[in-house]
Visitor: 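Okay, here's the structure, questions in a sec.
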Amino acid sequence: PPLATWRPLSPTDLPSLNCIAAAVHPDLPESPQVFAERIALFPEGCLALTLTSQTSTSTSTSTSTSTSTSTSTPNALYGYAISHPIRRGHPPALDTLLQSIPSDADCYYIHDVAILPEFRGRGYAREGVCRLLDVAGRYGYEMTCLVSVYGTARFWGRFGFVEGEGEGEGEGKGGEAVREKVREYGEDAVFLERRNG
């Protein structure tokens, strides 16, 4: 495959993103509104994997008729990454709108990192995750968490993620409340956390 790079995700990427989500997560469907909301609420945590030539030409002002000189469709994605702040111990349920980023958010949540098979094994996932963790660090969040699916806990372990309970503050914190949400992601789903810094 040609070279690809990460760039900020845009609402115009949603049709391609939804196709990737359906292909990578056929058993974990989420509505297009979920992704659109994440981009609107916390764009810093949303990334798109596109061809390097697409990225360079899409930012050019030399033409108004095309966003890409490559043979692929303009705004075609080959992967995406979604993340945002949450309250620790309160990961969002599958296919659920957030409405807003909590004002007392104290943890960073990686919602999804998905890459098409032909672009895997080339370091793009690692780069994408590192970019998300950089965002968490810039905002000063002490912890980052996620729900690992499809037996990917070993991959996440490379970044320091370990199985956790998501212990936070408030009603319904951590423990069984987290396990109940994780079960929605399938029998092999595992809640993971890492301490940033």
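Just so it is clear, the model here is predicted, and its values are computed rather than measured.
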Visitor: Glu37: which residues meet the side-chain contact (heavy atoms from CB on, under 4.5 Å) condition with it, sequence neighbours left out?
Guide: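 side-chain contact (heavy atoms from CB on, under 4.5 Å) check on Glu37 returns Leu41, Leu97, Leu98.
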Visitor: Could you tell me which non-hydrogen atom of Tyr141 sits nearest to which non-hydrogen atom of Asp106, and how far apart they are?
Guide: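 Shortest heavy-atom separation between Tyr141 and Asp106 comes out as CD2-C, 3.6 Å.
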Visitor: Are Arg183 and Glu176 ion-paired here, with the side-chain N under 4.0 Å from a carboxylate O?
Guide: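 Salt bridge flag = yes for Glu176 with Arg183.
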Visitor: Any carboxylate oxygen within less than 4.0 angstrom of a Lys/Arg side-chain nitrogen, looking at Arg87 and Asp104?
Guide: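 Between Asp104 and Arg87 there is a salt bridge, with a charged N closer than 4.0 Å to a carboxylate O.
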Visitor: Decide yes or no for Arg7 and Leu47: does some side-chain heavy atom of the first lie under 4.5 Å from some side-chain heavy atom of the second?
Guide: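 Not touching, per the 4.5 Å side-chain cut-off.
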Visitor: Contact between Ile86 and Pro92 at the side-chain level, heavy atoms closer than 4.5 Å - yes or no?
Guide: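 When only atoms from C-beta onward are counted, Pro92 and Ile86 do touch, with a gap below 4.5 Å.
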Visitor: Measure the SG-CG distance between Cys19 and Leu116 for me, rounded to the nearest 0.5 Å.
Guide: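 Reported value, rounded in 0.5 Å steps: 9.5 Å.
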Visitor: Any side-chain heavy atom of Val178 within less than 4.5 Å of one from Pro91?
Guide: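 In short, these two side chains touch, coming nearer than 4.5 Å.
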Visitor: Distance alone, cut at 3.5 Å: any donor-acceptor contact between the side chains of Ser83 and Tyr108?
Guide: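 Tyr108 and Ser83 do have a side-chain donor-acceptor pair below 3.5 Å.
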Visitor: Can you check side chain to side chain donor-acceptor pair (under 3.5 Å) on Tyr139 and Glu44, steps first, answer last?
Guide: CA-CA 11 Å; Tyr139 278 82; Glu44 301 97 318; 2.6 Å; yes
Visitor: Using 4.0 Å as the upper bound for N to carboxylate O, is an ion pair formed by Arg88 and Glu142?
Guide: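 No, Glu142 and Arg88 are not salt-bridged.
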Visitor: Going through the checks in order, is the side-chain contact (heavy atoms from CB on, under 4.5 Å) test met by Phe119 and Leu51?
Guide: CA-CA 10 Å; Phe119 281 83; Leu51 296 184; 4.1 Å; yes
Visitor: Can you tell me how far apart OG1 (Thr52) and CG (Leu3) are? Round to the nearest 0.5 Å.
Guide: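 Thr52 atom OG1 to Leu3 atom CG measures 5.0 Å (nearest 0.5 Å).
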Visitor: List the atom of Leu192, the atom of Ala153, and the distance in Å for their closest heavy-atom pair.
Guide: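 Result for this residue pair: CD1-CA, 4.1 Å.
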Visitor: Check whether Ser10 reaches the backbone of Thr12 with its side chain - one donor and one acceptor, N or O, closer than 3.5 Å.
Guide: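 Checked: pair present.
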Visitor: Specify the closest pair of heavy atoms between Ala23 and Pro26, including all atoms of both residues, with the distance to one decimal.
Guide: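 Looking at all heavy atoms of both residues, the shortest contact is O-CD, 3.6 Å.
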Visitor: With a 6.0 Å cut-off (strictly less than), is the heavy-atom count around CD of Glu184, excluding the residue itself, greater than 12?
Guide: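 Yes, because the 6.0 Å sphere around CD of Glu184 holds more than 12 heavy atoms from other groups.
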Visitor: Side chains of Arg194 and Met143: does their closest heavy-atom pair fall under 4.5 Å?
Guide: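 With C-beta onward as the side chain, the pair stays apart.
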Visitor: For residues Val147 and Val190, determine if any side-chain heavy atom of one lies less than 4.5 Å from a side-chain heavy atom of the other.
Guide: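 When only atoms from C-beta onward are counted, Val190 and Val147 do not touch, as no gap falls below 4.5 Å.
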Visitor: Assess the residue pair Glu127 and Trp6 against the criterion (side-chain contact (heavy atoms from CB on, under 4.5 Å)); give the C-alpha distance rounded to whole Å, side-chain angles, the decisive distance to 0.1 Å, and a yes or no.
Guide: CA-CA 8 Å; Glu127 181 186 352; Trp6 292 100; 3.6 Å; yes
Visitor: Test Phe35 against Leu9 for side-chain contact (heavy atoms from CB on, under 4.5 Å), laying out the working first.
Guide: CA-CA 10 Å; Phe35 297 112; Leu9 193 60; over 6 Å; no
Visitor: According to a hydrophobic-cluster definition based on side-chain heavy atoms being under 4.5 Å apart (Ile, Leu, Val, Met, Phe, Trp, Tyr only), do Leu94 and Val34 belong together?
Guide: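 They do not share one cluster, since no chain of ILVMFWY contacts under 4.5 Å joins Leu94 to Val34.
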Visitor: Please check if the distance between the ring centroids of Tyr109 and Phe42 is under 6.0 Å.
Guide: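 For Tyr109 and Phe42, the ring centres are not under 6.0 Å apart.
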Visitor: State, yes or no, whether a side-chain contact exists between Asn196 and Thr144 at a heavy-atom distance under 4.5 Å.
Guide: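 With C-beta onward as the side chain, the pair touches.
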Visitor: Classify the angle between the aromatic ring planes of His25 and Tyr150 as parallel (below 30°), tilted (30 to 60°) or perpendicular (above 60°).
Guide: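 Taking Tyr150 first and then His25, their aromatic rings lie parallel (interplane angle under 30°).
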Visitor: Indicate the atoms forming the closest heavy-atom contact of Ser31 with Asp95, along with that distance.
Guide: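 In terms of heavy atoms, the two residues are closest at N-OD1, 2.8 Å.
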Visitor: Looking just at side-chain N and O atoms, do Asp13 and Tyr80 make a donor-acceptor pair shorter than 3.5 Å?
Guide: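 Note: Asp13 and Tyr80 side chains miss the donor-acceptor criterion.
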Visitor: In terms of relative ring orientation, are His84 and His111 parallel, tilted or perpendicular, with 30° and 60° separating the classes?
Guide: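 His84 and His111: tilted rings.
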Visitor: For Pro85 and Pro102, work out which heavy atoms get closest and say how close.
Guide: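 Result for this residue pair: O-CD, 4.1 Å.
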Visitor: Quick one: pull up CG in Leu14 and CD in Gln33 and give me the separation to the nearest 0.5 Å.
Guide: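 Atom-to-atom, Leu14:CG and Gln33:CD are 9.5 Å apart.
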Visitor: Treating Ser148 as the side-chain partner and Ala189 as the backbone partner, does any N or O pair qualify as donor plus acceptor under 3.5 Å?
Guide: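 Looks like no, no N/O pair under 3.5 Å.
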Visitor: Locate the shortest heavy-atom distance separating Ile20 from Gly79; write the atom from each residue and the value.
Guide: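 Minimum heavy-atom contact is CD1-N, 3.5 Å.
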Visitor: State, yes or no, whether a side-chain contact exists between Val129 and Arg158 at a heavy-atom distance under 4.5 Å.
Guide: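 Not touching, per the 4.5 Å side-chain cut-off.
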Visitor: Apply side-chain contact (heavy atoms from CB on, under 4.5 Å) to Leu49 and Ile115, showing your working.
Guide: CA-CA 8 Å; Leu49 184 66; Ile115 296 176; 4.2 Å; yes
Visitor: Using the six-membered ring wherever Trp is involved, compare the ring planes of Phe159 and Trp156 and label them parallel, tilted or perpendicular (cut-offs 30° and 60°).
Guide: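 Tilted, since the angle between the ring planes falls between 30° and 60°.
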